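Note that this is a predicted model, so its numbers are computed, not measured. Atoms within a ligand are numbered from 1 in the order they appear, just like the ligands themselves. In what follows, residues are counted from 1 in the order of the sequence shown.
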Amino acid sequence: MSTSKTKVVQWEPADIKDELLKKYPPKVARKRAKQIMINEATESEAPPEIVANVRTIPGIITMRGCTYAGCKGVIMGPTRDIVNITHGPIGCGFYSWLTRRNQTSAGPDGENYMPYCFSTDMQDQDIIFGGEKKLEAAIQEAYDLFHPKGICIFSTCPVGLIGDDVHAVARKMKAKFGDCNVFAFSCEGYKGVSQSAGHHIANNQVFTHLVGENTEPKEGEYKINLLGEYNIGGDGFEIDRIFKKCGITNLATFSGNSTYDQFASAQHADLSCVMCHRSINYVADMLETKYGIPWIKVNFIGASSTAKSLRKIGEYFGDKKLIEKIEAVIAEELPGVEAVAADVRSRTEGKTAMMFVGGSRAHHYQDLFNEMGMKTISAGYEFGHRDDYEGRAVIPDIKVDADSRNIEEIEVKADETLYRERKSPEEIKALEESGFKFKHYDGLNPDMDKGTIIVDDLNQYEAEKLVELMKPDLFCAGIKEKYSIQKLGVPMKQLHSYDSGGPYAGFQGAINFYKEIDRLVGSKVWSYMKAPWQEKPELTATFVWE
Ligand code: CFM
């Protein structure tokens, strides 16, 4: 494998696809071919169909995580004042303990259980005789020690296999305590094809057991909820700083730096702003159906996207005072960001990046790279669905398979007492006629150039092959990919945990990002490195027959 950084220009996208598939047995190649596409989408044409959100082929080293990770780690993990108990062997709890860099502020009450790792630590005998008693004891112990507002129970794979009824235990304990909301999640790791199923399971339960509980009205002007922002590396702090400056009241973030009460009060907001639609768009729909809160898509990754999203919020409320304030904030913040962008651009212009992250960042981060003059030549999601690639309009055409049917869709209807119309149908219509889009997001494909390579559920082998063939100046993914990519001589940036950096959202975040990427793509250190097997590529061995 070459570590030279010269670009290989002779590769056509179709050749690259063939190269990626060449090593596979025919059946595997046929399956993967439907998840590797040469982008043909343009803004005017419908993007071609991609196969997404299907099981990873056994034997392939996927980048994906499990359903438990999506439920416990992603959605519920960032809420500080709920005790999250993993019901299962200790490894699941341990490896989901503070590994996602979702930051939190302990708040004035200091009620913060995030530094703790709660687990029932199941042993062989619990698997054989059942773990419900142990779970009950763990819930009791957590209650006695902390008296939290809420306790959540997360099922790991063995719990589903042996059939412990976690929901019955939760109901029993909730009734016993009277002042602590206990509920459980059937989020066994194998439950869905990826962590995406875990998001859905978590959000359904939060919506059923928590949202709407606090009926006391909330103070503040221009009340919104921010859905799908998880405060990785402090992103949520930066977004909240900007909201505050604009005079926008963010009642509840789902779920970065959130509290029990934020979820419980979310129905008081007048607008839901959806950041990572992959993990939560159905909650925005449910909030609208049940409480009458309209929703819009926002993106605070990238300075221009941040400005655009703020303006969209201003337009929705339609209040002159807010619109002027937002313009003043943009006028104050943007020039500083643009100055840094212009400076780094002199070095980063024309450089290339690849991005294989989760279910929304592989799209959102392209805005930041565009601002630096960098091109994304290949990208994809680990667990995105077709709408994340092709846009929300394809949702009615998405085939429901056995795996997606496995994840409950909850039915909601307008709440008799809490439903309140935020805008009249005429007001909504007038906004839409002026080009304002509710409930809408575009996919990744139409935003990428023709001929770029889009790969769903990229795996270890394909990642290395892509890097070897296309030699990007930067590769973005997660910790599992980091070192193998660096060993190929290419700088690697983690876009899940941000390595140790961040925030990258909002205006200040964009500055952080430009500077860091400038340093990374300007550094030659990885290309000087040779792994031992690159110097002596072959190990020889012989069979000894006796
Ligand atoms: Fe949404 Fe996320 Fe993402 Fe996601 Fe994630 Fe994450 Fe992600 Mo890692 S909720 S889909 S499950 S933006 S943990 S904060 S970085 S894969 S792209």
Residue and atom name of the nearest protein heavy atom (relative to [atom]), distance in Å to one decimal:
atom	answer
atom 9 (S) of ligand 1	Tyr230 CE1, 3.3 Å
atom 11 (S) of ligand 1	His199 NE2, 3.0 Å
atom 5 (Fe) of ligand 1	Phe383 CZ, 4.1 Å

Between Gly359, Ala69, Gly70, flag the one that comes closest to atom 10 (S) of ligand 1 by a heavy atom.
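Looking at heavy atoms only, Gly359 sits closest to atom 10 (S) of ligand 1.
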
Closest to atom 14 (S) of ligand 1 among Arg100, His277, His496 (heavy-atom distance)
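Closest candidate by heavy-atom distance is Arg100.
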
Proximal ligand 1 atoms for Cys276, defined as those under 4.0 Å from one of its heavy atoms:
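Selected atoms, number and element: 1 (Fe), 9 (S), 10 (S), 12 (S).
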
Should you measure from each heavy atom of Ser279, which atoms of ligand 1 turn up under 4.0 Å away?
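Listed by number with element, the hits are 1 (Fe), 9 (S).
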
With salt bridge (charged side-chain N to carboxylate O under 4.0 Å, His left out) as the rule and sequence neighbours excluded, what pairs involving residues 48-58 come up?
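For residues 48-58: Glu49-Arg386, Arg55-Asp403.
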
When you check the gap from the basic side-chain N to the acidic O, do [X] and [Y] get nearer than 4.0 Å?
X	Y	result
Lys297	Asp387	no
Lys465	Glu462	no
Asp499	Lys482	yes

Using heavy atoms and a threshold below 4.0 Å, how should the contact between Tyr381 and ligand 1 be classified: side chain, backbone, both, or neither?
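Neither part.
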
What part of Ser360, side chain from CB on, backbone N/CA/C/O, both or neither, has a heavy atom under 4.0 Å from ligand 1?
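Both the backbone and the side chain of Ser360 come within reach of ligand 1.
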
Using the six-membered ring wherever Trp is involved, compare the ring planes of Phe118 and Tyr113 and label them parallel, tilted or perpendicular (cut-offs 30° and 60°).
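Geometry flag for Tyr113 against Phe118: perpendicular rings.
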
Evaluate the ring planes of Phe383 and His199, with Trp represented by its six-membered ring, and classify them as parallel (under 30°), tilted (30 to 60°) or perpendicular (over 60°).
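Ring orientation of Phe383 relative to His199: perpendicular.
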
Going by side-chain hydrogen bond (donor to acceptor under 3.5 Å, both in side chains), name the residues that satisfy it together with Glu333, two or more places apart in sequence or in a different chain.
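Testing Glu333 for side-chain hydrogen bond (donor to acceptor under 3.5 Å, both in side chains), a comparison that skips the adjacent residues, returns Arg241, Lys245.
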
